[in-house]
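Inspection log for the structure reproduced underneath, given as structure tokens.
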Amino acid sequence: MNSGNEPTNSAPATAGPDTTNSAVAPAATAATLITNIAGLVTNDPSLGWGSPRSSKFENGGGTPLGLIRNAAVAIEGDRVVWIGEASKAPATDNRVDVGGRAVVPGFVDSHSHLVFAGDRTAEFHARMSGRPYEAGGIRTTVAATRAATDAELEANLTRYLREALRQGTTTFETKSGYGLTVEDEARALRIAARHTDEVTYLGAHVVPPDHADDPAAYVALVTGEMLDACAPHARWIDVFCEEGAFDGDQARAVLTAGMARGLHPRVHANQLSYGPGVRLAVELDAASADHCTHLTDEDVDALANSSTVATLLPGAEFSTRAEWPDARRLLDAGVTVALSTDCNPGSSFTSSMSFCIALAVRDMGMTPDEAVWSATAGGAAALRRTDIGRLTPGARADLAVLDAPSHVHLAYRPGVPLVTRVWRAGVPVAV
């Protein structure tokens, strides 16, 4: 999952592989068997059949989606303990027949901004109506978030988490960045940490109005007192490296300060213009460089020769009518690509990974296989996780059942709520 492997658009084979020995044999009785699966996406390229487009998979012998037809999955506790053809499944205490539907790993949303208050409907409406609007952008949300109570922020967060879970998202990352004071950033992270381990400190989102005349003082705050308050509650540190936000030197100072406190870097990079963000992310071994719209050949080469994932966020381009990132260029160069929602109230107010998959296929040059891989295994790679984003023995039992016979329907039927059942850490979730 941390490799540069990308999915390929492979023709289905006439016969599936013998998966009897492809998985660790379970105990005589597993807790639950999910069976009668038309097509199971495992994201293990050693499983399944196909003719790989990329030479990367010639030695693996299968598609990167590891698609198994007429399949079953056995789960015990919070883990997958067996996968394979349904006809070879072990005896179980409990069998769940999904009626010939497709099953995919739970989506991994590796970039969101869910601790906020307020609403920016008027801003969106004006933008989509071709009218100028000057209500403050991010700073509007900052003001509302500062004014909200902890209970209000947490209620808002859990609302969108439930919404995402119903749509098949079983792992999510979320950031601070709408407080921009020591106490407001720290409380955002405390609230987020009650709901996910993937918490990101984004004090360097924008320079707030109260520091507009002295951005250097704000960088000092972000790397000093604010970092001290926030580091205990976060795993990651992020910075918006962009003209009008933080330049390369400021971004480096923010990230290296966080790394010195044990936080791992990720970067908002090259979204609005060409800049140093991607190369800084690669230099510092950031887990991901996010947005990646405006790239030089050198940026693409740097990503391709690194372990930094390019996380693409098509909801942002959809909601702002901005230029689409060129996913095809990245994939053909060998870059590991993730898809995420960027769910936030200003520029990408969607929690639907299925919607982002459809956009990536329609407007960013991805195949359906590539988009599904990027929304699952790619997101896991962007979080440097190997226990999620795949359905193989030992992985966390996170999966979504689609009301369709194939994962391709996620792009083929855009806007249709196809997720009909969800298991998260082995527990069925009400959808």
Side-chain angles (χ1 to χ4, degrees), residues 111-120 122-124 127 132-148 153 173-189 192 199-227 229-230 234 236-255 257-258 263 265-277 280-281 286 289-291 293-294 313 315-316 319-320 322 342-349:
H111 182 129
S112 73
H113 304 251
L114 296 179
V115 186
F116 70 88
D119 180 274
R120 285 158 66 184
E123 176 184 331
F124 175 82
R127 184 165 61 239
Y133 186 81
E134 298 179 357
I138 290 173
R139 292 173 179 83
T140 301
T141 303
V142 169
T145 302
R146 288 178 177 180
L153 292 177
E173 176 269 4
T174 201
K175 310 175 193 294
S176 64
Y178 290 129
L180 309 185
T181 66
V182 172
E183 176 51 36
D184 285 308
E185 286 294 293
R187 73 171 178 144
L189 296 173
V199 179
T200 300
Y201 167 44
L202 183 59
H205 198 182
V206 294
V207 176
D210 45 323
H211 284 84
D213 295 332
D214 193 357
Y218 185 68
V219 172
L221 181 67
V222 168
T223 58
E225 182 184 356
M226 188 182 289
L227 176 60
C230 290
W236 306 98
I237 186 164
D238 199 345
V239 60
F240 187 18
C241 184
E242 188 67 63
E243 185 177 349
F246 298 88
D247 64 24
D249 290 340
Q250 293 169 326
R252 181 188 300 278
V254 168
L255 296 174
L263 303 181
R266 39 198 335 109
V267 184
H268 281 62
N270 301 54
Q271 177 186 5
L272 307 176
S273 60
Y274 294 95
L280 179 62
D290 297 21
H291 290 289
T293 303
H294 300 277
L313 310 163
S319 297
T320 61
D342 192 18
C343 188
N344 75 82
S347 62
S348 184
F349 205 6

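Because the structure is a prediction, the values reported are computed rather than measured.
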Report yes if the side chains of [X] and [Y] come closer than 4.5 Å at any heavy-atom pair, otherwise no.
X: V254; Y: Y201; answer: no
X: W236; Y: P265; answer: no
X: R146; Y: P208; answer: yes

For the [atom1] atom of [X] and the [atom2] atom of [Y], what is their distance to the nearest 0.5 Å?
X: D210; Y: T181; atom1: CG; atom2: OG1; answer: 8.5 Å
X: C230; Y: R187; atom1: SG; atom2: CZ; answer: 12.0 Å
X: R139; Y: T141; atom1: CZ; atom2: OG1; answer: 11.5 Å
X: H268; Y: C241; atom1: NE2; atom2: SG; answer: 11.5 Å
X: L189; Y: D184; atom1: CG; atom2: CG; answer: 11.0 Å
X: L313; Y: D290; atom1: CG; atom2: CG; answer: 5.5 Å

Candidate pair Q271 and F240, rule side-chain contact (heavy atoms from CB on, under 4.5 Å), full reasoning: CA-CA 9 Å; Q271 177 186 5; F240 187 18; 3.8 Å; yes

Consider only side-chain N and O atoms of H111 and D342, and report whether a donor and an acceptor are under 3.5 Å apart.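 Yes.
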
Is it true that the side chains of S347 and S319 contain a donor and an acceptor less than 3.5 Å apart? no

Flag, side chain of E242 to backbone of S273, donor-acceptor distance under 3.5 Å: yes

Main-chain N/O of V199 paired to E173 side chain as donor or acceptor, under 3.5 Å: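 No; zero donor-acceptor contacts below 3.5 Å.
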
Minimum heavy-atom separation for [X] to [Y], with atom names?
X: H211; Y: L221; result: CE1-CD2, 4.2 Å
X: A192; Y: V115; result: CB-CG2, 4.1 Å
X: A229; Y: A186; result: O-CB, 4.0 Å
X: D238; Y: A204; result: O-CB, 4.3 Å
X: P215; Y: V207; result: CB-CG2, 4.1 Å
X: H291; Y: A316; result: CE1-CB, 4.3 Å

Among T200, I237, N344, which residue meets the side-chain contact (heavy atoms from CB on, under 4.5 Å) test with K175?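 Running side-chain contact (heavy atoms from CB on, under 4.5 Å) over T200, I237, N344 with K175 returns exactly one hit, T200.
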
Identify which one of V222, V142, V239, L180 satisfies the side-chain contact (heavy atoms from CB on, under 4.5 Å) criterion when paired with H205. L180

Please state whether the rings of Y178 and F116 are parallel, tilted or perpendicular, taking 30° and 60° as the class boundaries.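 Because their plane-to-plane angle is over 60°, the rings of Y178 and F116 count as perpendicular.
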
Given L114 and C343, is the side-chain contact (heavy atoms from CB on, under 4.5 Å) satisfied, shown in steps? CA-CA 7 Å; L114 296 179; C343 188; 3.6 Å; yes

